[in-house]
Amino acid sequence: MKKLPIIRGKLFYSSFISMFLLLLFILAVSCTNEQIEDEVLEGIKDDSELKAPVLLQNPGFESGEVGWGDNEKYAISGDEHSGSKAGKVTSSSGKIEQVVSVNQNTNYILKAWVYGNGKLSIGGQISDFNTSSYKEIAISFNSGSASSVTILGTRDSGDVRFDDFTLISSETGDQTESDKVVPINVSANGNQTGYGPENTIDGEIENTESRWSSNGFTGKYITYDLGVSKTISSLKIAWFKGDERKAYFKIRAGNSISSLSTVYDAKTNGSSGSTEGLEIYNFDSIEARYVRISCFGNSSSSWNSIIETEIYGEVGNQGDTTPPGPVSELRATAGDGSVSLSWNNPEDADFNNISIMYAGENVTTSGENRIISGLNNGTSYTFTVVALDNSGNTSSPRTISATPEGNTSGDTNPSDILFNLDQWKITFPLDGNGKDSTNDSKSGNNCNDRNRNASDSEIEMGDLIGRIPTPYAEYFYVEGDEVVFKAHCGGATTGGSSYPRSELRQMPGGNDNYWSMQDYQYLDVRVRATHLPVEKPEVSMVQIHGPGNEPLRIEYRSDEQGLHVVQNDDIEVDNVLPYSLGEQLRVTVTVQNGRVYCRIENESRPSLDAWTDDWRSADSTGYFKVGCYTQSTMFLEDCKSGEGYNNESPDAYGEVRVKDMTLSVTY
């Protein structure tokens with residue numbers, strides 16, 4: 001350690017006593033400052049929460065007079081603490097200073113090696129020092145509402161030297177693990193292959209390959225669903241390459257994804273640019289179910305990449321915070337472009353559902369199995385499964401991996417896509433001989449008489465597992481990760497209908513039974529309409545059928561530019577959601593205590609609020625139906641006499657595609 005003699009300025013006092021008292025005072029202050037600094041530094045050594053240092057420009061003065069303000073105010077000294085250089089202030093007007101970007105409302109510690117008699121300040125905090133050799137000092141401060149702070153070093157007397165600065169975010173705050181809010185789902189509006197949004201909540205902060213990445217300066221975001229509205233007040237985000245560049249972003253939150261409010265704006269200042277560790281972003285407490293990070297690229301490129309996100313709030317003040325137990329006996333069976341998952345649900349009384357996350361996707365179910373389709377053969381997938389209770393609490397996760405493999409037969413059947421098809425039968429628009437209504441030889445204008453020339457064929461799905469016989473395979477087949485239901489307007493019909501269908505009919509208990517509207521029944525299906533007839537462009541996708549009514553029918557009618565719901569046959573609710581042909585819907589139907597509860601989401605337009613409604617069923621019993629119920633026919637002029645319709649071509653058709661389906665019923 002190099003030492004220099006202390007250079008003392010001349011002091012003029014009126015008496016020896018005054019000089020003596022002042023010297024005692026200086027010594028007392030110096031000792032006090034040294035004690036405080038020692039305590040701070042000792043705390044630093046024991047602080048396991050410290051992050052990587054904030055990036056400072058030329059922190060050891062090795063680049064000369066760069067980054068420390070007006071170079072007329074300071075000089076470069078060869079009497080250094082480390083390296084070959086240090087900064088030196090030699091006049092009362094001299095100073096070193098550097099403006100540093102910081103996160104708002106964040107705890108920091110500035111450390112530096114100093115020599116001589118002077119002051120060091122940052123964030124409104126000042127440390128006096130008077131030392132005859134290099135000594136490390138530390139200043140703790142909170143950035144408050146500031147997004148930048150100034151490091152300032154000055155001289156009290158003699159020559160003062162500064163070297164080896166570091167600025168560290170202490171990250172301690174008042175947060176604890178018990179204040180963490182765990183999302184039930186995470187999604188994004190796009191990601192680089194292999195870098196899906198689920199990686200940001202897997203706890204692998206040190207694994208930079210486990211991240212979400214999406215390219216673009218605008219319109220890129222990742223959204224966290226907390227399950228229910230909760231009080232939140234901060235986020236911790238670990239940015240990929242966060243120690244090399246600043247990430248520009250906004251944090252938005254709210255109880256609906258269509259009405260989110262900005263709670264933290266770093267679109268201009270960005271992240272610190274100094275660490276890949278978690279950085280904290282505090283904001284005023286807000287009640288929110290959804291938290292979205294909207295991204296605007298970074299200081300080096302248009303990429304947006306997050307390694308990990310943690311959400312914090314007032315968990316202790318929000319009622320039930322006890323998570324449910326995890327699933328048990330999680331199993332995975334690889335298929336052709338699919339993986340079949342099964343498990344045992346926890347026995348918690350307030351258990352609600354299961355959330356499965358994989359490759360940037362998320363599905364939910366209340367059952368104990370799920371087929372995940374649309375996967376790439378030869379690619380290993382990791383599935384994370386958590387249980388949720390009625391308060392939105394999540395269990396500890398269970399993970400399992402599987403690699404889909406090609407089907408050596410070259411065939412993919414609907415049973416590979418939709419689980420438990422043995423609980424359904426299908427109605428085809430052909431009779432048992434493969435004929436349709438184009439074989440009609442009857443005369444007269446009675447719609448039903450003419451249209452039922454060929455009675456449709458109903459086949460139990462248990463008899464179709466592994467094979468779809470010709471000619472029925474044209475109306476019920478797999479394409480990609482969807483099951484296609486097709487019904488042409490020349491098709492055969494059921495005895496009570498004028499319109500043809502390719503449609504699943506639930507078989508409660510394995511037969512043509514009904515379940516009670518008083519008991520719990522549940523259907524969750526992702527479905528979309530992909531083709532419509534011409535003259536009457538309508539198709540029904542989901543129904544509840546009762547012995548006397550249809551308590552529920554969900555239709556798309558393109559001439560009305562929206563989704564249409566029929567309740568108890570005669571209550572028609574128009575345009576419940578904006579919808580266009582081909583858009584993906586998620587339909588959830590719950591029946592209990594004589595009422596029907598329906599929720600419809602347009603997953604192709606996530607900014608839209610879901611449509612929800614409930615009503616009392618006109619029937620006391622019923623069963624579910626899913627598929628394509630084409631609402632037109634080649635006999636349309638007879639069936640809709642006086643309404644101005646022309647007959648459809650027999651080849652005109654309706655088409656509906658189903659991606660996945662979960663059924664949970666009480667017989």
Side-chain angles (χ1 to χ4, degrees), residues 33 36-37 39-41 43-44 47 49-61 63 65-71 73-74 87 89 94-114 118-129 136-156 160 162-175 234-237 239 242-249 251 264-284 298-299:
N33 285 337
I36 293 172
E37 290 154 7
E39 291 172 1
V40 171
L41 291 171
I44 293 174
D47 188 356
E49 291 290 325
L50 289 180
K51 294 165 40 177
V54 175
L55 184 63
L56 301 178
Q57 188 176 7
N58 194 19
F61 297 89
S63 299
E65 294 179 333
V66 176
W68 289 100
D70 186 353
N71 57 18
K73 301 290 186 180
Y74 70 98
V89 177
K95 62 181 178 179
I96 60 166
E97 63 178 346
Q98 184 173 142
V99 178
V100 183
S101 296
V102 294
N103 297 319
Q104 296 177 331
N105 302 306
T106 302
N107 295 322
Y108 287 90
I109 297 176
L110 175 69
K111 297 187 293 181
W113 288 86
V114 298
K119 290 182 174 64
L120 182 65
S121 66
I122 187 172
Q125 302 297 314
I126 301 174
S127 177
D128 293 279
F129 58 88
E136 188 179 31
I137 64 173
I139 304 174
S140 298
F141 70 99
N142 185 279
S143 58
S145 60
S147 57
S148 64
V149 292
T150 300
I151 301 172
L152 179 64
T154 59
R155 158 193 175 277
D156 283 344
V160 179
F162 301 88
D163 203 3
D164 298 334
F165 282 84
T166 57
L167 179 60
I168 301 172
S169 170
S170 60
E171 189 79 50
T172 53
D174 296 325
Q175 296 167 329
S234 66
L235 262 66
K236 292 181 180 180
I237 305 174
W239 301 96
D243 54 349
E244 301 176 14
R245 63 197 189 188
K246 291 187 175 184
Y248 301 114
F249 65 100
I251 300 173
Y264 191 95
D265 190 343
K267 185 176 181 180
T268 301
N269 294 325
S271 61
S272 72
S274 62
T275 179
E276 277 193 333
L278 289 167
E279 295 187 27
I280 188 169
Y281 306 104
N282 296 314
F283 45 83
D284 292 338
N298 64 75
S299 56

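Every side chain to side chain contact (heavy atoms under 4.5 Å, CB included) that Tyr264 has, sequence neighbours left out, goes to Asn103, Gln104, Phe249, Ile251, Ala266, Tyr281, Phe283. Remark: Glu244 pairs with no residue by the salt bridge (charged side-chain N to carboxylate O under 4.0 Å, His left out) rule, at least two apart or across chains. When the salt bridge (charged side-chain N to carboxylate O under 4.0 Å, His left out) test is applied to Lys267, no partner is found at least two apart in sequence or on another chain.
Asn58 contributes a side-chain N or O that, together with a main-chain N or O of Val66, makes up a donor-acceptor pair within less than 3.5 Å. With Trp239 contributing its side chain and Arg245 its backbone, the two residues share no donor-acceptor pair below 3.5 Å. Between the side chain of Glu97 and the main chain of Gly69, no donor-acceptor pair closer than 3.5 Å is present. Without hydrogens or angle criteria, Ser271 side chain to Ala247 main chain gives a donor-acceptor distance under 3.5 Å.
Rounding to the nearest 0.5 Å gives a distance of 10.0 Å between CG of Asp128 and OG of Ser121. Here CG of Asp164 is found 10.5 Å from NZ of Lys111. Values are rounded to the nearest 0.5 Å. For the atom pair CH2 (Trp68) and CG (Leu152), the distance works out to 10.0 Å, reported to the nearest 0.5 Å. Separating the OH atom in Tyr248 from the CG atom in Asn298 is a distance of 7.5 Å, to the nearest 0.5 Å. Here the CD1 atom belonging to Ile122 is positioned 12.0 Å from the OG atom belonging to Ser127, to the nearest 0.5 angstrom. Atoms CD and OG1, from Glu136 and Thr166 in turn, are 6.5 Å apart once rounded to the nearest 0.5 Å.
In the model, Ser272 has a side-chain atom that pairs as donor or acceptor with a side-chain atom of Glu279 under 3.5 Å.
Between Gly60 and Asp163, the shortest heavy-atom distance links the atoms O-OD1, 3.1 Å. Summarising the geometry of Ser234 relative to Asn282, their closest heavy-atom pair is CB-OD1, 3.1 Å, with the distance given to 0.1 Å. When every heavy atom of Ser148 is checked against every heavy atom of Val102, the shortest pair comes out as N-CG2, 3.8 Å. Looking at every heavy atom in both residues, Ile109 comes nearest to Ala138 through CG2-CB, 4.1 Å.
With a 4.5 Å cut-off on side-chain heavy atoms, Tyr108 and Val100 do not count as touching. No side-chain heavy atom of Val89 sits less than 4.5 Å from a side-chain heavy atom of Thr154. Taking the side chain as every heavy atom from C-beta outward, Phe162 and Ile151 never approach each other to under 4.5 Å. For the pair Leu110 and Val149, the minimum side-chain heavy-atom distance is 4.5 Å or more.
Within a 6.0 Å radius of NZ in Lys95, no more than 12 heavy atoms belonging to other residues, nucleotides or ligands are found.
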